[in-house]
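Notes follow the structure.
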Amino acid sequence: MRERITAEEYESWSAERCAGIEIVDGMVVAGSSASKRLNRLARILANALDAAAAPEWNADTDFDVRLQDVPLTNRRPDVVVYRADTIDITPTRPEHVLLVAEVVSPGSETADRIVKVDQYAKAGIGFYWRIEQAATGVPLVYTYVLDPATKTYRDGGVFTGVLKAAAPFPVEIDLGQV
């Protein structure tokens, strides 16, 4: 049985070694390579959110969000909207994050639909979006809003094709067929 990875050990690893993995309860979870479709959808969403964000928010892809230190849990959401004044702070923590979005791919269904939702809510991240490909090729965006009292998400609605996000994201995103 493998030993758990501590935050100190993980922080000593190179960026190359950390790429494509997540740490859950101190154990390395190797993710499969993201498809071109997933990468494209995440990039479209991140670019649109970044363009719509107020100056105090940034949207990016492909970096760790430290959900807890002991046991270590680092997730790598497909898209993260975070406070701009924390751009140089590592690790990124839940209090720096407004929204995380996960693009569901084969092999990540259970994690993206159940496990990560619970982890992000318990960490106190205000908004969670789950993006899935419909049979038509037009993405479905499931939105969730945190109830701070219960640390659980409530449904915020499902959008297709064009995502018309409300405050704090006054943005219309045409996800189209990707």
Side-chain angles (χ1 to χ4, degrees), residues 15 18-24 29 31-67 73-87 89-109 111-121 123-134 137-146 153 155-178:
C18 295
I21 66 168
E22 294 180 310
I23 309 293
V24 178
V29 178
S32 58
S33 294
S35 69
K36 290 178 191 174
R37 182 178 305 277
L38 183 148
N39 286 336
R40 178 171 168 68
L41 189 53
R43 184 176 43 81
I44 289 168
L45 182 59
N47 289 345
L49 288 169
D50 198 47
E56 59 269 9
W57 295 100
N58 293 331
D60 280 310
T61 61
D62 196 32
F63 65 87
D64 288 341
V65 175
R66 174 79 48 92
L67 299 181
T73 299
N74 274 349
R75 286 294 190 178
R76 292 182 83 86
D78 295 315
V79 178
V80 180
V81 176
Y82 60 96
R83 289 192 354 238
D85 64 347
T86 65
I87 195 166
I89 297 174
T90 306
T92 300
R93 299 208 176 259
E95 59 268 22
H96 306 148
V97 176
L98 179 63
L99 173 137
V100 292
E102 296 283 359
V103 180
V104 177
S105 62
S108 74
E109 294 95 345
D112 292 341
R113 292 181 185 145
I114 299 168
V115 178
K116 291 180 182 181
V117 176
D118 186 52
Q119 290 174 336
Y120 294 144
I125 296 173
F127 298 89
Y128 176 70
W129 290 359
R130 187 183 81 235
I131 298 94
E132 299 194 20
Q133 288 288 324
V138 176
L140 297 172
V141 181
Y142 298 83
T143 65
Y144 302 90
V145 179
L146 183 67
Y153 288 116
D155 290 339
V158 179
F159 302 86
T160 61
V162 175
L163 175 61
K164 296 177 182 175
F169 302 107
V171 61
E172 188 170 301
I173 304 167
D174 184 0
L175 297 174
Q177 292 195 13
V178 292

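If you read the sequence from its start, that first residue is 1, and numbering goes on from there.
- Taking 4.0 Å as the cut-off between side-chain N and carboxylate O, Glu102 and Arg76 do not count as a salt-bridged pair.
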### Task
Please lay out, stage by stage, how Thr92 and Arg66 fare under the test side chain to side chain contact (heavy atoms under 4.5 Å, CB included).
CA-CA 6 Å; Thr92 300; Arg66 174 79 48 92; over 6 Å; no

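- Counting heavy atoms from C-beta outward, Glu56 and Asp85 have side chains that stay 4.5 Å or more apart.
- Counting heavy atoms from C-beta outward, Val141 and Thr143 have side chains that approach closer than 4.5 Å.
- To the nearest 0.5 Å, atom NE2 of residue His96 and atom OG1 of residue Thr90 are 9.5 Å apart.
- Contact of the Tyr144 side chain with the Arg130 side chain is registered, since non-hydrogen atoms from C-beta on lie closer than 4.5 Å.
- In plain terms, the two heavy atoms of Val65 and Pro94 that are nearest each other are CG1-N, 4.4 Å.
- Val24 has its side chain within reach of Arg75: a pair of non-hydrogen atoms, C-beta onward, lies under 4.5 Å apart.
- Side-chain contact between Ile131 and Leu140 is absent, with no heavy-atom pair separated by less than 4.5 Å.
- Taking 4.5 Å as the limit, some side-chain heavy atom of Tyr153 sits within range of a side-chain heavy atom of Ile125.
- Residues Leu99 and Trp129 meet the side-chain proximity criterion, which asks for heavy atoms closer than 4.5 Å.
- Lys116 NZ to Ser108 OG: the interatomic distance, rounded to the nearest 0.5 Å, is 6.5 Å.
- With a 4.5 Å cut-off on side-chain heavy atoms, Val80 and Asp60 do not count as touching.
- Nearest heavy-atom pair across Cys18 and Ile21 is O-CG1, 3.1 Å.
- Between Asn58 atom CG and Tyr82 atom OH the span is 4.0 Å, to the nearest 0.5 Å.
- Salt-bridge check for Arg83 with Glu95: failed, with every basic side-chain N at 4.0 Å or more from each acidic carboxylate O.
- A pairwise comparison of heavy atoms in Val117 and Asp112 identifies CG2-O, 3.5 Å as the closest pair.
- With rounding to the nearest 0.5 Å, the separation of CG in Asn74 from CG in Leu67 is 7.5 Å.
- Taking the six-membered ring where the residue is Trp, Tyr128 and Tyr120 present tilted rings, their angle falling between 30° and 60°.
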Report all side-chain donor-acceptor pairs from residues 41-54 shorter than 3.5 Å, counting only partners two or more places apart or in another chain.
residue: Asn47; atom: ND2; partner: Arg43; partner atom: O; Å: 3.4
residue: Asp50; atom: OD1; partner: Ala59; partner atom: N; Å: 3.0

